[in-house]
Amino acid sequence: MADLESQADEEIGAAGHPRDHDLTERAQLRGHMAVAWNMLRANLPVVAARMQALIAERPASGATWASLTAESEVLRDHLEYLRDRGHPLPGDPALLAPMMAAMLSMFGYAVLTAGERGPAAGDDEIVDALTGLLLHGLAGPGGERTGPGRG
């Protein structure tokens, strides 16, 4: 896992990785998602073993939460930067970053271990869809919709 983290850090230039990335800009968010996706794909045996080990932990161990928070520190830092500058976020960066990591890691694990049963989508399509979902959510770029049945 340390090697995996080092590889990801090297790919995004973590040593000089600026805190001020604006994850509300599609290109910057996509860049982060692409690095993470490529890391999952390139290290699938390690990722699968880690996922299985976390699932095997006893429920109250906190191991999965600890893993998600550690793996999403860069995202949390970027989100805190946005929050500190007054950018509205849908929640606390300490929650949002692990949520993003959970979506990426579980989806990546499911897709990359599915073999022929997996989606026909290529890596770029997957990264684009993930980026769009994280960037705009289900409401789309126009924001929340109101109306009958939409409370």
Rounded distance (nearest 0.5 Å) linking atom CG of Leu82 with atom CG of Leu96: 10.5 Å
Backbone of Asp128 reached by a side-chain donor or acceptor of Arg26 within 3.5 Å: yes
Heavy-atom pair with the smallest gap, counting every atom of Leu40 and Gly108: CD1-CA, 4.0 Å
Neighbour count >12 (heavy atoms, 6.0 Å) for atom CD, Glu25: yes
Arg41 side, atom CZ; Asp123 side, atom CG - distance, nearest 0.5 Å: 4.0 Å
Linked, directly or transitively: Leu130 and Leu68 (ILVMFWY side chains, under 4.5 Å): no
Min side-chain heavy-atom separation Leu29-Thr24 under 4.5 Å: no
Atom pair CG (Leu104) and CD (Glu71), whose distance is rounded to the nearest 0.5 Å: 9.5 Å
Distance-minimising heavy-atom pair for Pro93 and Leu89: CG-CD1, 4.0 Å
Inter-residue atom distance Met39.CE - Ser105.OG, 0.5 Å rounding: 9.0 Å
ILVMFWY network linking Ile126 to Met51, side-chain heavy atoms under 4.5 angstrom: no
For Leu54, all residues meeting side-chain contact (heavy atoms from CB on, under 4.5 Å), sequence neighbours excluded: Arg50, Ala63, Thr64, Ser67
Mutual orientation of the aromatic rings belonging to His78 and His21 [parallel < 30°, tilted 30-60°, perpendicular > 60°]: parallel
4.5 Å side-chain heavy-atom contact, Met103 and Leu133: yes
Distance in Å, His32 NE2 paired with Leu23 CG, rounded so as to fall on 0.5 Å steps: 5.5 Å
Residues Arg30, Asp124; criterion salt bridge (charged side-chain N to carboxylate O under 4.0 Å, His left out); working and verdict: CA-CA 10 Å; Arg30 190 188 191 289; Asp124 284 338; 3.4 Å; yes
Residues, nucleotides or ligands: over 12 heavy atoms within 6.0 Å of Met106 CE: no
Scan the side chains in residues 113-120 for donor-acceptor partners under 3.5 Å anywhere in the protein, sequence neighbours excluded, and list what turns up.
{"residue": "Thr113", "atom": "OG1", "partner": "Tyr109", "partner atom": "O", "Å": "2.5"}

Asp22 and Arg85 ion-paired at < 4.0 Å: no
Contact check, side chains of Met99 and Leu95, non-hydrogen atoms, under 4.5 Å: yes
Step-by-step side-chain contact (heavy atoms from CB on, under 4.5 Å) determination, Met100 to Leu79: CA-CA 11 Å; Met100 293 167 71; Leu79 293 168; 4.0 Å; yes
Spacing of CH2 belonging to Trp37 relative to OG1 belonging to Thr131, to within rounding of 0.5 Å: 11.5 Å
